[in-house]
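Below is one structure, written out as structure tokens; the observations come after it.
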Amino acid sequence: QVQLVESGGGAVQAGGSLRLSCAASGYTYSGLCIGWFRQAPGEERDWVATIYGGGSTTYYADPLKGRFTISQDNAKNTLYLQMNSLKPEDTAMYYCAAKLTLRGSACAVGSGFTYWGQGTQVTVSS
């Protein structure tokens with residue numbers, strides 16, 4: 001059973017940065033796809049970025065490339081999302097999520113995620 005706990009959210013002004021963390025347990029890296037989603041009020045949940053196989057491959061939603069960086073510290077069993085140049089439209093609840101897959105390419109899509117954290121709120125003011 002994979003368990004995920006997010007932290008690091010908060011309030012920041014536009015142009016600022018935040019780093020989200022996701023402490024993960026109950027898994028092995030082999031076949032693990034883990035990443036971030038976000039959901040703004042009244043909106044659907046959107047895929048942000050994922051990482052596969054202990055950090056060997058990363059995937060990003062195109063609009064967020066260049067501003068967001070996903071990484072993984074295997075020694076700490078922690079996933080990160082570095083968010084720079086934040087905009088008010090980045091305001092959302094951010095969720096850590098994971099799924100087990102034997103195909104790395106399956107990590108490039110935002111469906112089929114089985115395990116979810118409770119979320120951490122990010123608020124960007126203009």
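For the single chain, residues carry numbers from 1 onward in sequence order. Values below: every heavy atom of this structure, side chains too, minus hydrogens, waters and symmetry copies.
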Interatomic distance, SG@Cys33 vs CG@Leu102, rounded to 0.5 Å, equals 12.0 Å
**Q.** Under 3.5 Å: donor-acceptor pair, side chain of Lys87, backbone of Ser126
**A.** no
Query raised in the report: Taking side chain as C-beta onward, heavy atoms only, is Trp36 less than 4.5 Å from Cys22?
Result: yes
When every non-hydrogen atom of Leu4 is compared with those of Cys96, the smallest separation belongs to CD1-O, 3.6 Å
Here the gap from Phe68 atom CZ to Leu86 atom CG, rounded to the nearest 0.5 Å, amounts to 5.5 Å
Scanning both residues in full, the closest heavy-atom pair of Gln72 with Ile51 reads OE1-CG2, 3.6 Å
Rounded to the nearest 0.5 Å, the OG1 atom of Thr78 sits from the CG atom of Leu20 at a distance of 12.5 Å
dist Ser71:OG -> Arg19:CZ (nearest 0.5 Å) comes out at 7.0 Å
Does Glu44 have more than 12 heavy atoms from other residues, nucleotides or ligands lying within 6.0 Å of its CD? no
* **Tyr94 six-ring face occupied by Arg38 cation (under 6.0 Å, within 45°)** => no
To the nearest 0.5 Å, atom CD of Gln118 lies from atom CD of Glu6 at 4.5 Å
key: Side chain to side chain, Val109 and Tyr59, heavy atoms closer than 4.5 Å   = no
Here the gap from Ile70 atom CD1 to Tyr80 atom OH, rounded to the nearest 0.5 Å, amounts to 12.5 Å
Could you check whether Asp62 pairs with Lys65 (Lys NZ or Arg NE/NH1/NH2 to Asp/Glu carboxylate O, under 4.0 Å)? yes
Looking only at heavy atoms, the pair that brings Ser17 and Gln82 closest together is CB-NE2, 3.9 Å
Residues Pro88 and Ala14: closest non-hydrogen pair is CD-CB, 4.1 Å
Paired with Val12, the side chain to side chain contact (heavy atoms under 4.5 Å, CB included) test is passed by just one of Leu18, Thr91, Thr123, namely Leu18
Using the six-membered ring of Trp116, assess whether NZ or CZ of Arg45 lies under 6.0 Å from its centre and within 45 degrees of the ring axis. yes
Original post:
Taking the six-membered ring for Trp, are Phe113 and Phe37 ring centroids under 6.0 Å apart?
Top reply: yes
When every non-hydrogen atom of Val2 is compared with those of Ala98, the smallest separation belongs to CG1-CB, 4.3 Å
Scanning both residues in full, the closest heavy-atom pair of Ile34 with Ala24 reads CD1-CB, 4.1 Å
* Can you check whether Cys107's main-chain N or O pairs, donor with acceptor, with Thr50's side chain at less than 3.5 Å? -> yes
Report yes if some heavy atom in the side chain of Tyr95 is under 4.5 Å from a heavy atom in the side chain of Gln39; otherwise report no. yes
Exercise for review: Mind running side-chain contact (heavy atoms from CB on, under 4.5 Å) on Leu100 and Thr114 for me, showing each step along the way?
Suggested key: CA-CA 8 Å; Leu100 298 175; Thr114 308; over 6 Å; no
